[in-house]
Amino acid sequence: MAIISVRSLSVVYGNGVKALDSVDLDIEEGDVVSLIGPSGCGKTTLANMILGVIPPEASVSGSIVVSGIDIIKDRKSLVEKIYRDVGVGYVSQVDTLLPWRTLMDNVILPLQIRGMTDPEHMDRAKYLLGLVGLQGFENAYPHQLSGGMRQRAQLVRALVTDPKILVMDEPFGALDALTRVALQEHLTRIIAETRKTVIFITHDLDEAITIGTKVAVMSKRPGRIKMIKKIDFPYPRDPFKLRSSREFEDIRSELWSSLASEVIAGEQG
Amino acid sequence: MSRAREALVVNGLRILIIAVLVALWEYSADRYISSLIIGKPSLIAVKLYEYILSDLFREDLIFTMQSTILGLFLGIFGGVAFGIIFSHFRLFAKSVEPIILAINALPRPAIAPILVIWFGFGLLSKVMVAFSIVFFIAFFNTLNGIRSINPELLKIARVMGASRVQIMRYIVIPSILSWVFAAFKASTSFALIGAVIGEFVGSTRGLGYRMLILSGYFDTSGVFAILILLMILGYSLIKISERVENIILKWRPPATTSLF
C-alpha cells in the first residue's frame, strides 16, 4: 500500500486562484519522487498539503491519505499522531537555520522539540553531520558557513528524528551549479543509506532525473500530474557520470518534450 | 603602520588633545572669562576631590545608578511583555496603536513633573521616568522582532511538531531578544537621561539633583565636577552594555564595513 496517496486533490485559494486541479499521486514506501513543472504550477502547494500545512481560506477537495489517515478530513489529533509516528522531515529552499544557534544546536532543534535529546539521538546528529561533510563545524554560527553548508545542515536537521518521509522544496535552487551537483551526489548517498520516502520538488530537469526513482511532470496552473516516468539507475548515483550516459539523454529528451509543451502553453496562457 | 604602533599614536594624540584643551581652559579662566561662567579646571579638580570623599557622593551615585538600572530592566521587561501581548491581539493592537504612538511622541521631560506628583520625590519617580523611555524602545523593537520572523521558520517549526509554547520559546522569543538587545546600548543611555531628568524635576538626592543645587549657588566648578562624574557614569554604563550586547549577540555576523 502506498505510504502517501493523493486522490483528486483540488485547491482553490481565497483569492480565486486555482492551484491544483484533481491531482492523483501514489507514493510507495522508498519512492523518491521528483516533482517538476513550470513555475506557478502548484508544486509547493502540493508539498505543503502533504506536510499538513493547509493554506487558510482555501477551499480544498479530495483527499491525502498518509499511512491510512486522511489528513484533510480526519480529526486533528489523529493527524498529529500520524505525523509524529511516521515522521516528516522538511527542507526548504530558503535558509531557515536559526542565526542565533550554532550548527549543532540548529540540527538538534527537532530533537529538543520532541524531547529526544538522549545520547543515542545526539550521536545520530553527529553521525549525519559527518555524512554530509560538516564535522568540525558544530560550533560555527550559520553566518560563518557557505550557502551549500547551510543547505546540508538543513538536510541533517530534517533527518535527525529519522522520519520516514522527507519533503524537499527546491532545496538546491539558490546554489551555484557546481555546489548543486555536489549536493545532489550527497543526497543520493544519504537516501541510499537511510532509505527514505522522498518528495523532491525542483525546476531543474537534470536534477529531477538525477535524484528521483520517479519523475512526476506537472502541467501548468492549475496543476495536474501529467506523466510519471520511472528512473531505474541504481543508488547511490554519480551525477557527473550519469549525465553523460546514453539512457540519461533518452529520458531527458522524453521528459523535456512533455515539459516544454507546458512551458509554451504557460507562456501563451 | 602596525596595529600596536597605531594604538600608541592614537592614545598619545588623545592625551595631548585633552591636555591642550584643559590647559587652554585653565589659562583663560579668570583671565579672559570669569570662572563663574566657565569654571576652572583646577577648581573643578578640588571640588571633585572633596565631593568624592564626602558621604553625599556615595549616596547620590547609588541613587542615580539605582534609578537608571531599575528603569532599564523594568522598561525592557515591560516593553517586551507588552509587545508580545500586543502582537497577539490584532484588533486590540490596531485600536491602541495611535494612542501608543501619541504617548511615545510626548517629550519625556514634559511628563516627568506628573510622574513626580504620582510617585513622589523618592526613587520610584526617577525609575518611572527612565522606564517611560526604555519601555517604548523595547516595545517597538519587540514588534519589529515579531514582524521580521520568517514565516518559513514558523512553517518548519510546525512541521517539526512544535507546540505554540515551543514556537514561542525556540523561535519568537530569541528573535525578539535579538532586536531588543541590538538596542540595549541606546536603552542604557536613555535610562540615564530619564533618571537625571527625574532628579531635576523633584528629588532629594542623586547626581542630577546635586548639580541642580550647585547651579543654584552659582557654583560653576561644582556643576562641572558633577558633569564629569555623569560623563564617567554614562560612559561606563554604555561600555558595559556594549559588552553585554556583544556577548548575547555573539552569533551576529561582524560588520564588514567601517567608516575609519
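Since this is a predicted model, take the numbers as computed values, not measurements. Chain letters run A, B, ... following the sequence lines, proteins first and then strands; every chain starts at 1.
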Chain B contact via [X] - which portion, at a heavy-atom distance below 4.5 Å:
X	result
Tyr90(A)	both
Asp95(A)	backbone
Gln112(A)	both

Test item: side-chain donor near acceptor, [X] and [Y], under 3.5 Å:
X	Y	value
Ser178(B)	Trp100(A)	no
Thr197(A)	Asp31(A)	no
Thr96(A)	Gln154(A)	yes

CA sep, side-chain torsions, deciding dist, call: Phe139(B), Asn104(B), side chain to side chain contact (heavy atoms under 4.5 Å, CB included): CA-CA 11 Å; Phe139(B) 172 73; Asn104(B) 188 41; over 6 Å; no
Charged N-O contact under 4.0 Å between Lys196(A) and Asp162(A): yes
Interface moiety of Ser163(B) toward chain A, non-hydrogen atoms closer than 4.5 Å: neither
Contact origin within Ile171(B) toward chain A - heavy atom pairs under 4.5 Å: both
